[in-house]
Amino acid sequence: MGNCLTLNSTATELLAIDTNFKLPSPLPSWPPGNGFASGTIDLGGLVVSQVSSFAKVWATREGGLDNLGASFYDPSPLPDGFFMLGSYAQPNKQPLYGWILVGKDTSPGSLKLPIDYTLVWNSESLNIKKEGNGYIWSPVPPDGYKALGYIVTNSPDKPPLDKIRCVRADLTDQCETDTWIWGQGSSSNSSGLNLFTSQPSSRGIQAQGVSVGTFVANISGAATPSISCLKNNGNITSNMPNLNQINALFEVYSPYIYLHPDEVYLPSSVNWFFSNGALLYHKGDNPVSIQPNGTNLPQGGSNDGEYWLDLPQDNAGKDRVKKGDLQSSEAYLHVKTMLGGTFTDIAIWFFHPFNGPARAKVGSVNLKLGRIGQHVGDWEHITLRISNFNGELKKVYFSAHNGGIWVDASNLEFYTGNKPVGYSSLHGHAMYSKPGLVLQGSGGIGIRNDAAKSKMTVDAGLRYSIVAAEHLGTGIINPPWLTYARKWGPKVDYDINTEFKDIEKVLIGKVKSDFKKFVESLPAEAVGEDGPTGPREKNNWSGDEV
């Protein structure tokens, strides 16, 4: 990845290189307004800028993801008046596509030089392929200040004190480890050195924590100096996009979703679901039809089991509504302030009237699981994470039944221009960045999540509505169905042993015993039919994706 350099311990000059990966199309000129895409953000006493060009310092060629090693960089060149807060690191498995914040002192004493450095780790005794030797140094901050990152050098000499700046404690927040970069294992408890990206411990639409882009080092059996994140003490919404800018962003980044070629339970708009016979149930009362946009849905309260939605009562109506209506399908956008106002998250929600039954893989045998996995009402989502410094798409979150995953823009597939591609799994509609089989289980046994290209697609940019954007205040009115707190489908209990009786008849030997173990391990939510709550009731509505 990048330009390979032959480095030695006496090297003092670094070669500045641009980020390798570029989005397929250049960024447009965004509509004017607010501080969005202005290049800098004032955190209330400290101005920061996001740098995406780097000078390579050192690299390993083994260990880490796919045993490809990792590379270490300094941000370069620095904007005038800005100072480095730490080095950047990333796995060699992916193209260089990172960013790191640099700081500018706009109030007396927000930045100070470290008083010394502590050597955290060096590679001299590491017997792997590497470009010379690397040294990780922790700045020793003055009293009342915090270090936000380590310095990586290719020399055993201490870095100069003016190489980096420490930040006044009131402008910092607590950090935690995020994704593994490189080391002797993939967890913070593994032996030896392990490096991780860092993120604020508290994240959400009101949280002030700001990711710096630096990394955290963990060394088993050793006390590693702590690394902090930044905190936005100013107005965290001042650099968020206005309505015109949101529409412009979605025009550029709206995802293109492939449905599985065998999918029969298609998405629809919420209003199509309501206008085609969906019913509102209240415990003890007869069901009633749902008005367009859900104007007669109960508001307030909580998911107390008193109300739920269901399909039409007649069989023909049930079968028709279960299949959805692709032509009416609509993307519902929740625009969120994230990471102290340095990023905008656009969570894109899709509705399916019905979640189809699951299938299992037990070794080489594929099994239909009867009613297991099916339920009325299905909400799935994709989230775009966009830099408020320049409006660039940095990563995309794909929600899935086993927790979902963030994918860097450099690892995305794009349909046209900068529109990322997603894949909706067969029957379950979980979102993935690539086609293929994802097995929800272990040891070759689990629930199948199959994704593939087909002629059935959802272009989210064609039909969408912004249903929530808290930072715009009263500029966006929540539709009544969004503030309905109860379930979008009924709860139906059944005997799991009865469901699997016919399946077990055709299994023999080890396959049969493995299948029984798999059934016993199924989570409670997979046994029985139970409709989900709507998007606003999910933890990630006001928090971060997990």
Q. Quick one: does Asp173's side chain have a donor or acceptor within less than 3.5 Å of a partner on Cys229's backbone?
A. no

Q) Of the non-hydrogen atoms in Asn271 and Pro292, which two are nearest, and what is the gap between them? A) OD1-C, 4.2 Å

Q.
I want to check something: taking the side chain as every heavy atom from C-beta on, are Asn293 and Pro479 in contact at a cut-off of under 4.5 Å?
A. yes

Q: Mind jotting down which residue pairs meet the salt bridge (charged side-chain N to carboxylate O under 4.0 Å, His left out) criterion with at least one end in residues 463-490? Sequence neighbours excluded, please.
A: Asp304-Arg486, Lys487-Asp530

Q.
Between Asn540 and Glu545, is there a side-chain donor-acceptor contact under 3.5 Å, judged purely by atom types and distance?
A. yes

Q. Is the distance between the ring centroids of Trp379 and Trp481 less than 6.0 Å?
A. yes

Q: Check the side chains of Ser454 and Tyr258 for a donor-acceptor pair under 3.5 angstrom, ignoring hydrogens and angles.
A: no

Q.
Check whether Tyr97 forms a cation-pi arrangement with Lys394 (NZ or CZ under 6.0 Å from the six-membered ring centre, at most 45° off the ring normal).
A. yes

Q: Flag the pair Val421 / Leu412 as yes when at least one side-chain heavy-atom distance between them is below 4.5 Å, and no otherwise.
A: no

Q: First locate atom CD1 of Ile41, then atom CD1 of Ile236, and finally report the distance between them rounded to the nearest 0.5 Å.
A: 11.0 Å

Q.
For the OG atom of Ser71 and the CD1 atom of Ile181, what is their distance to the nearest 0.5 Å?
A. 11.5 Å

Q | Ser465 and Glu330: CA distance, side-chain angles, deciding distance, side-chain hydrogen bond (donor to acceptor under 3.5 Å, both in side chains) verdict | A | CA-CA 8 Å; Ser465 57; Glu330 187 172 355; 3.0 Å; yes

Q. When the ring centroid of Tyr88 is compared with that of Phe215, is the distance short of 6.0 Å?
A. no

Q. Does any donor atom in the side chain of Ser238 or Asn235 lie under 3.5 Å from an acceptor atom in the other side chain?
A. no

Q | Sidechain-backbone polar pair: Ser201 side chain, Cys175 backbone, donor-acceptor under 3.5 Å | A | yes

Q.
So does Val467 get a backbone contact from the side chain of Asn478, meaning a donor-acceptor N/O pair under 3.5 Å?
A. yes

Q: State yes or no: are the ring centers of Trp349 and His334 separated by less than 6.0 Å?
A: no

Q: Indicate yes or no for a side-chain donor-acceptor contact from Lys336 to the backbone of Gly543 under 3.5 Å, with no hydrogens or angles considered.
A: yes

Q: For Leu393 and Ala409, work out which heavy atoms get closest and say how close.
A: O-CB, 3.7 Å

Q: Report yes if the side chains of Leu230 and Val48 come closer than 4.5 Å at any heavy-atom pair, otherwise no.
A: yes

Q: Apply ring-ring contact (aromatic ring centres under 6.0 Å, His included) to the pair His427 and Tyr265, showing each step before the final yes or no.
A: CA-CA 6 Å; His427 289 185; Tyr265 304 109; 5.3 Å; yes

Q: Report the distance from atom OG of Ser268 to atom CZ of Phe354, rounding to the nearest 0.5 Å.
A: 13.5 Å

(Q) Nearest 0.5 Å, please: how far is OG in Ser399 from OH in Tyr397? (A) 6.5 Å

Q. Counting distance only, does the side-chain N/O of Asn232 pair as donor-acceptor with the main-chain N or O of Gly340 below 3.5 Å?
A. yes

Q. Quick one: does Asn449's side chain have a donor or acceptor within less than 3.5 Å of a partner on Ala430's backbone?
A. no

Q | Flag side-chain contact, heavy atom, 4.5 Å: Leu437 against Lys361 | A | yes

Q) So, Thr483 versus Gln299: side-chain donor-acceptor pair below 3.5 Å or not? A) yes

(Q) Side chains of Asn388 and Thr342: any donor to acceptor distance under 3.5 Å? (A) no

Q. Counting only N and O atoms by type, is there a donor-acceptor contact under 3.5 Å from the side chain of Asn276 to the main-chain atoms of Trp272?
A. yes

Q: Using the test salt bridge (charged side-chain N to carboxylate O under 4.0 Å, His left out), find all partners of Asp345 that sit at least two apart in sequence or belong to another chain.
A: Arg385

Q.
For the CE atom of Met338 and the CD1 atom of Ile346, what is their distance to the nearest 0.5 Å?
A. 12.0 Å

Q. Taking only residues two or more places apart in sequence or in another chain, which ones pass side chain to side chain donor-acceptor pair (under 3.5 Å) with Thr179?
A. Thr197

Q. If you look at every heavy atom in Pro420 and Leu384, which pair is closest and at what distance?
A. CG-CD2, 4.2 Å

Q. How far apart are the C-alpha atoms of Arg203 and Glu176, what are their side-chain angles, what is the distance that settles it, and do they pass the salt bridge (Lys or Arg N to Asp or Glu O under 4.0 Å) test?
A. CA-CA 11 Å; Arg203 300 180 304 282; Glu176 65 183 23; 3.0 Å; yes

Q. At what distance, to the nearest 0.5 angstrom, does CG of Leu266 lie from CG of Asp325?
A. 8.5 Å

Q | Nearest atoms (heavy-atom pairs only) where Ile348 meets Ala331 | A | CG2-CB, 3.7 Å

Q | Residue pair Pro535 / Leu482: nearest heavy atoms and the distance that separates them | A | CB-CD1, 4.5 Å

Q) Mind checking whether Phe398 and Tyr432 have ring centres under 6.0 Å apart? A) no

**Q.** Donor + acceptor pair across side chains of Gln94, Asp408 (<3.5 Å)
**A.** yes

Sequence neighbours excluded and cut-off under 3.5 Å, please list the side-chain donor-acceptor pairs for residues 306-317, or say none.
unit_1, atom_1, unit_2, atom_2, d
Gln313, NE2, Tyr281, OH, 3.4
Asp314, OD2, Gly317, N, 2.6

Q: Check for a donor-acceptor pair, side chain of His381 on one end and backbone N or O of Thr383 on the other, with a separation under 3.5 Å.
A: no

Q. Is the gap between the ring centers of Phe351 and Trp488 under 6.0 Å?
A. yes

**Q.** Arg359: partners by salt bridge (charged side-chain N to carboxylate O under 4.0 Å, His left out), with sequence neighbours left out
**A.** Asp450

Q | Flag if over 12 foreign heavy atoms under 6.0 Å of NZ, Lys323 | A | no

(Q) Please check this pair: side chain of Ser387 against backbone of Phe343, looking for a donor-acceptor N/O pair closer than 3.5 Å. (A) no

Q: Flag the pair Lys419 and Glu413 as a salt bridge only when some basic side-chain nitrogen lies within less than 4.0 angstrom of an acidic carboxylate oxygen.
A: no

Q: Might you point out which heavy atoms bring Asn34 and Pro241 nearest each other, and give the distance in Å?
A: ND2-C, 4.2 Å

Q.
Does anything in residues 457-479 form a ring pair (Phe, Tyr, Trp, His ring centres under 6.0 Å)? List the pairs, not counting sequence neighbours.
A. Phe250-Tyr464

**Q.** Exam field: side chain Gln206 to backbone Thr337, donor-acceptor pair closer than 3.5 Å
**A.** no

Q. Hey, would you say the Phe21 and Trp99 ring centroids sit under 6.0 Å apart?
A. no

